[in-house]
Amino acid sequence: MAAISQFIVLLLLISLANLCNGGITSKFMRKLEASVDMPAGAFPPPAGYNAPEQVHITQGDRHGRGVIISWVTPLSPKPTVVRYWAADGDGNRRNKAHSRITTYKYYNYTSAFIHHATINNLEYDTKYFYELGSGNATRQFFFTTPPRVGPDVPYTFGIIGDLGQTYDSNQTLEHYYSNPKGQAVLFAGDLSYADNHPFHDNRKWDTWGRFVEKSTAYQPWIWTAGNHEIDFAPQIGENTPFKPYTHRYHVPYKTAQSTSPLWYSIKRASAYIIVLSSYSAYGKYTPQYEWLQKEFKKVKRDETPWLIVMLHAPWYNSYNYHYMEGESMRVMFESWFIQNKVDIVLSGHIHAYERSERVSNVRYNITNRLCSPVRDVNAPIYITIGDGGNIEGLANEFTEPQPSYSAFREASFGHAILEIKNRTHAYYTWHRNHDNEPVSADSLWIYNRYWYPEDESFQ
Ligand SMILES: [Fe+2]
């Protein structure tokens with residue numbers, strides 16, 4: 001009996017120590033080989049004259065009945081048509097939409113013809129086929145529209161960040177691709193890493209588009225701009241930030257009353273997703289600030305219980321990288337996140353994985369010295385998911401001891417899955433690349449802040 005009570009006391013002491021010193025620093029160590037880009041030849045263009053390539057889709061409207069279909073044709077702008085039909089409909093009666101074409105030049109690179117076609121008023125929860133190109137270059141794909149927006153609609157998102165196009169990136173994408181649950185991807189920024197190559201070699205944007213097509217052509221990826229999308233290089237005459245990204249990746253910002261594709265919002269199933277730009281002005285009176293202030297007022301939690309924000313540079317980060325880079329945005333907006341009970345904040349930028357406790361740091365008023373994060377039941381969980389596997393390699397140095405706001409951290413590549421079950425519960429899992437897909441190295445039942453604001457940390 002005495003031995004049992006001693007054991008219980010020991011367990012209590014261990015859990016208390018965990019509380020004081022923060023959460024878990026996973027001891028799992030991956031091999032620290034360099035990540036190199038896959039060769040361009042790994043992603044040859046599809047066969048056929050002027051075959052459409054780099055196909056990707058994203059949500060095209062406010063509620064999920066619209067889709068933006070984007071593709072590139074290398075030699076000729078024509079055809080511009082996308083034909084589409086419901087899978088359970090008459091395949092001979094095909095609807096048509098036409099693309100708008102854009103091209104751009106970047107230093108010594110000239111893009112091919114970049115097509116964007118928006119299709120609206122699709123049926124909810126319906127599988128559609130779509131077809132691009134002509135003759136022997138015809139290619140067919142499909143997607144499924146989300147269910148009608150509503151408070152208890154189950155929906156599953158994949159979460160990926162900082163992907164790049166290395167062999168590790170390939171493992172991440174293959175892992176996600178092999179998971180049948182993901183219905184759309186929340187992408188936390190940093191796509192191709194073209195800017196890590198001489199003169200921001202924009203052919204890397206093309207190979208990246210081909211690399212991810214196996215997923216992006218079939219389910220919407222919800223885009224966030226990271227620092228590797230800025231492509232600001234005045235030394236080679238490139239003075240327009242975000243030029244390649246904004247030409248290639250369109251988002252439905254106008255339907256969110258935004259004035260920039262770099263910040264916008266959508267409703268999808270039971271989620272309201274707000275995308276912010278860490279690399280655009282967000283101080284008081286700026287367009288992004290003004291927009292976000294109005295934006296929170298539009299969120300109706302009895303319509304979309306789950307409020308998710310994506311921004312690239314994390315606010316809570318206990319790795320020895322990018323110190324304080326998210327701090328000024330946190331100072332501007334954190335109190336709004338608390339007041340509006342944001343459920344989850346997704347970031348990238350740090351090339352590793354971390355999940356926070358529900359904490360806030362909004363009490364400080366210069367003189368009160370209350371400048372440390374504290375547990376806050378109204379605060380979001382911050383997830384850093386910059387572990388896609390890009391060319392810059394892994395972030396494997398932690399700050400020690402692990403801060404109390406950090407619940408779990410591990411220096412491995414991977415991706416996450418968020419399974420929204422109903423208005424109160426979502427099941428969250430993180431999958432490291434070194435495990436088989438069904439294995440989750442970190443998991444948590446996340447409770448909705450509006451409908452069930454309990455503390456999840458004692459599950
Ligand atoms: Fe980044």
Side-chain angles (χ1 to χ4, degrees), residues 34-37 158-166 168-169 172-173 185-197 200-202 204-205 208-209 211-212 221-233 238 241-246 248-249 251 260-263 274-282 288 309-330 333 344-356 382-399 409-416 430 433:
S35 295
V36 295
D37 272 4
I159 308 170
I160 300 174
D162 300 64
L163 186 56
Q165 47 194 305
T166 72
D168 288 314
S169 320
T172 304
L173 188 65
V185 168
L186 301 175
F187 191 82
D190 283 359
L191 285 65
S192 75
Y193 287 75
D195 60 344
N196 276 354
H197 298 273
H200 295 225
D201 187 348
N202 269 231
K204 289 286 182 183
W205 279 103
W208 196 80
F211 162 50
V212 295
W221 283 39
I222 311 303
W223 303 108
T224 309
N227 53 307
H228 288 278
E229 277 66 72
I230 302 173
D231 281 313
F232 175 65
E238 290 301 339
F242 302 104
K243 190 204 274 185
Y245 172 70
T246 52
R248 291 169 180 273
Y249 293 90
V251 297
S260 166
L262 302 173
W263 56 89
I274 295 177
V275 175
L276 297 179
S277 174
S278 298
Y279 305 101
S280 306
Y282 46 76
Q288 185 168 206
V309 179
M310 287 205 284
L311 48 91
H312 186 65
W315 294 357
Y316 288 94
N317 157 38
S318 72
Y319 286 82
N320 276 337
Y321 303 83
H322 300 300
Y323 179 63
M324 300 282 269
E325 285 186 19
E327 184 64 3
S328 52
M329 190 186 234
R330 183 192 68 77
F333 293 145
I344 303 167
V345 176
L346 302 173
S347 299
H349 206 39
I350 314 297
H351 299 157
Y353 171 70
E354 185 163 27
R355 172 174 60 80
S356 82
Y382 294 88
I383 292 167
T384 301
I385 192 87
D387 55 354
N390 63 71
I391 193 169
E392 294 180 348
L394 197 66
N396 64 338
E397 289 176 21
F398 303 102
T399 61
R409 56 186 188 174
E410 181 178 314
S412 289
F413 295 130
H415 73 277
W430 175 68
N433 285 355

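Worth saying up front: this structure is predicted, and the values here are computed from it rather than measured. Read the numbers this way: they start at 1 and go in the same order the structure lists the ligands and their atoms.
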Carefully, step by step, assess Tyr382 and Asn317 under the rule side-chain hydrogen bond (donor to acceptor under 3.5 Å, both in side chains). CA-CA 9 Å; Tyr382 294 88; Asn317 157 38; over 6 Å; no

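No donor-acceptor pair closer than 3.5 Å links the side chain of Thr384 to the backbone N or O of Tyr353. A distance-only check finds a donor-acceptor pair linking the side chain of Ser347 to the backbone of Leu311 [under 3.5 Å].
By the 30° and 60° cut-offs, the orientation of the rings of Tyr249 relative to Trp208 is perpendicular.
Near-neighbour remark for the Fe ion (ligand 1): protein N, O or S atoms under 2.8 Å are Asp190 OD2, Asn227 OD1, His312 NE2, His349 ND1; waters not counted.
Residues passing the ring pair (Phe, Tyr, Trp, His ring centres under 6.0 Å) test with His200 are Tyr106, sequence neighbours excluded.
Between Lys204 and Asp37 there is a salt bridge, with a side-chain nitrogen of the basic residue lying less than 4.0 Å from a carboxylate oxygen of the acidic one.
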